[in-house]
Amino acid sequence: MTTGKEYVTAVFEKVKAQNSHEAEFLQAVEEVFDSLIPVFDKYPEYIEENILERLVEPERVLSFRVPWVDDRGQVQVNRGYRVQFSSAIGPYKGGLRFHPSVNQSIIKFLGFEQIFKNSLTGLPIGGGKGGSNFDPKGKSDNEVMRFTQSFMTELQKYIGPDIDVPAGDIGVGGREIGYLFGQYKRLNGYKNGVLTGKGLTYGGSLARTEATGYGAVYFAEQMLKARGEGFAGKTAVVSGSGNVAIYATEKLHALGAKVIAVSDSSGYVYDKEGINLETLKQLKEVERARIVKYTEHHPNAVFTPAGGDSIWTIKADLAFPCATQNELNAADAKALVANGVIAVTEGANMPSTLEAIEIFLEAGVSFGPAKAANAGGVAVSALEMAQNSQRTPWTFEEVDSKLYQIMKAIYTNSAAAAKEFGEEGNLVLGANIAGFLKVAQAMSAQGVV
Ligand code: GLU
């Protein structure tokens, strides 16, 4: 009989051979596969049904040309993607990322993670992801609009409220979702469940903007509770200064912790008084300014440009990587551990390298993996879909309390799976297994499709 290890290793070898140039995708796959070995020992029928090889192959990968005209009248071309990874438990669901680093490997890693994350929310949503190598930075509103309209003109052929429901991610916020929605509507009529993260005046959900950041903090709260700790008096370092970082900071402050550093791709600011949230929101949500400008408002804060000491060398009790993939490596993890960090919560997708995760787990740091800890965003997206179908908006408190319950359940289910499969406290393993089992059961029930 094939063992779990033999099966997982054989499938991984095949995945590696077929996707050898997709480093980020392979990294995301390796992390999940390692966790699943004991699952296949327990459920050999999933080996027989070859669930893993089917799951790791996207149902569909779309790649398309996005031509648009810039403000100087020059014709530009970008590449657009949508990976419809798995519809085993619901319509494809996942964000769109506009960033120059976007390529097929990045979108596939994000889409693969999304399957498990969405399953963990307990809501009926499958996994997908999309985006473009378009860089919104430095572009005028009109350029962003023209690009976005061209992107949606192609994407709209493949999405719909019961088929595939995109949302935001890095580089895609309220402005971009507005333009995307406008163009979709122009071509297909008003179907408000086709996108989430919409503005509040046209079908968006209260608390969607806050959801990923708040959710990560609610998840961290559960991890701290399990150690007999709380937020009061704790210091935190939060990387990034986008939507996730801003609302993680807001909730951390509300619960009694002090965020002492935030960053963007140009560097980070350290403010020992605690990051001023009003300034941060003004700079990032209104002015779209670089983070160095924070020091003009708060002269005691210190700016360190990218390439200098990493943000993870700052001593803090809690770390929230909320910027981007692979922003926290082994050296960073060692520095955090040496400085006595007790919990690391991933607000971004795959911010820690595999080596960094290993270091945290070995040091007994509570580690909240992205698919569990940052699932609050997509969870509230699913609640937005529910409100759209119901044609009734819910109050902020209603959505926020559902978010809280969902994050708590994700923690409980992940912790329970880790314990059941012999690695108590290992939430990486627990989240991967808990997320996988529901998808595997659905795939098994639906036959070979
Ligand atoms: N981009 C977010 C994520 O990584 C949210 C996706 C969504 O709301 O569909 O989960």
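Every number for a ligand or one of its atoms is a count from 1 in the order of the listing.
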Salt bridge Lys281-Glu278, side-chain N to carboxylate O under 4.0 Å: no
Less than 4.0 Å between a side-chain N and a carboxylate O, is that true for Lys371 and Glu31? yes
Contact atoms of ligand 1, heavy-atom distance to [X] under 4.0 Å:
{"X": "Asn349", "result": "4 (O)"}
{"X": "Gly94", "result": "9 (O)"}
{"X": "Ala167", "result": "7 (C), 8 (O), 9 (O)"}

To the nearest 0.1 Å, how far is [atom] from its closest protein heavy atom, and which atom is that?
{"atom": "atom 9 (O) of ligand 1", "answer": "Lys93 NZ, 2.7 Å"}
{"atom": "atom 3 (C) of ligand 1", "answer": "Lys117 NZ, 3.3 Å"}
{"atom": "atom 6 (C) of ligand 1", "answer": "Gly95 N, 3.6 Å"}
{"atom": "atom 8 (O) of ligand 1", "answer": "Ser381 OG, 2.5 Å"}

Answer side chain, backbone, both or neither: which part of [X] comes under 4.0 Å from ligand 1, heavy atoms only.
{"X": "Thr212", "answer": "neither"}
{"X": "Arg208", "answer": "side chain"}
{"X": "Lys129", "answer": "side chain"}

Starting from the C-alpha separation in whole Å, work towards a yes-or-no answer on side-chain contact (heavy atoms from CB on, under 4.5 Å) for Phe436 and Phe116. CA-CA 6 Å; Phe436 170 78; Phe116 304 92; 3.9 Å; yes
For the ring pair Tyr294 and Tyr270, is the centre-to-centre distance below 6.0 Å? no
Phe151-Tyr179 aromatic ring centre distance below 6.0 Å: no
About how many Å separate CD of Gln104 and CD of Glu24, when rounded to the nearest 0.5 Å? 11.5 Å
Distance (rounded to the nearest 0.5 Å) between Leu427 CG and Ile410 CD1: 11.5 Å
Any side-chain heavy-atom pair from Asn19 and Val29 closer than 4.5 angstrom? no
Heavy-atom contact check, 4.0 Å cutoff: does Glu113 meet ligand 1? no
Under 3.5 Å between some N or O of ligand 1 and some N or O of Gly168? yes
Output yes when the distance from some N or O of ligand 1 to some N or O of Asn374 is under 3.5 Å, and no in every other case. no
Which label fits Phe12 and Phe33: parallel for a plane angle under 30°, tilted from 30 to 60°, or perpendicular past 60°? perpendicular
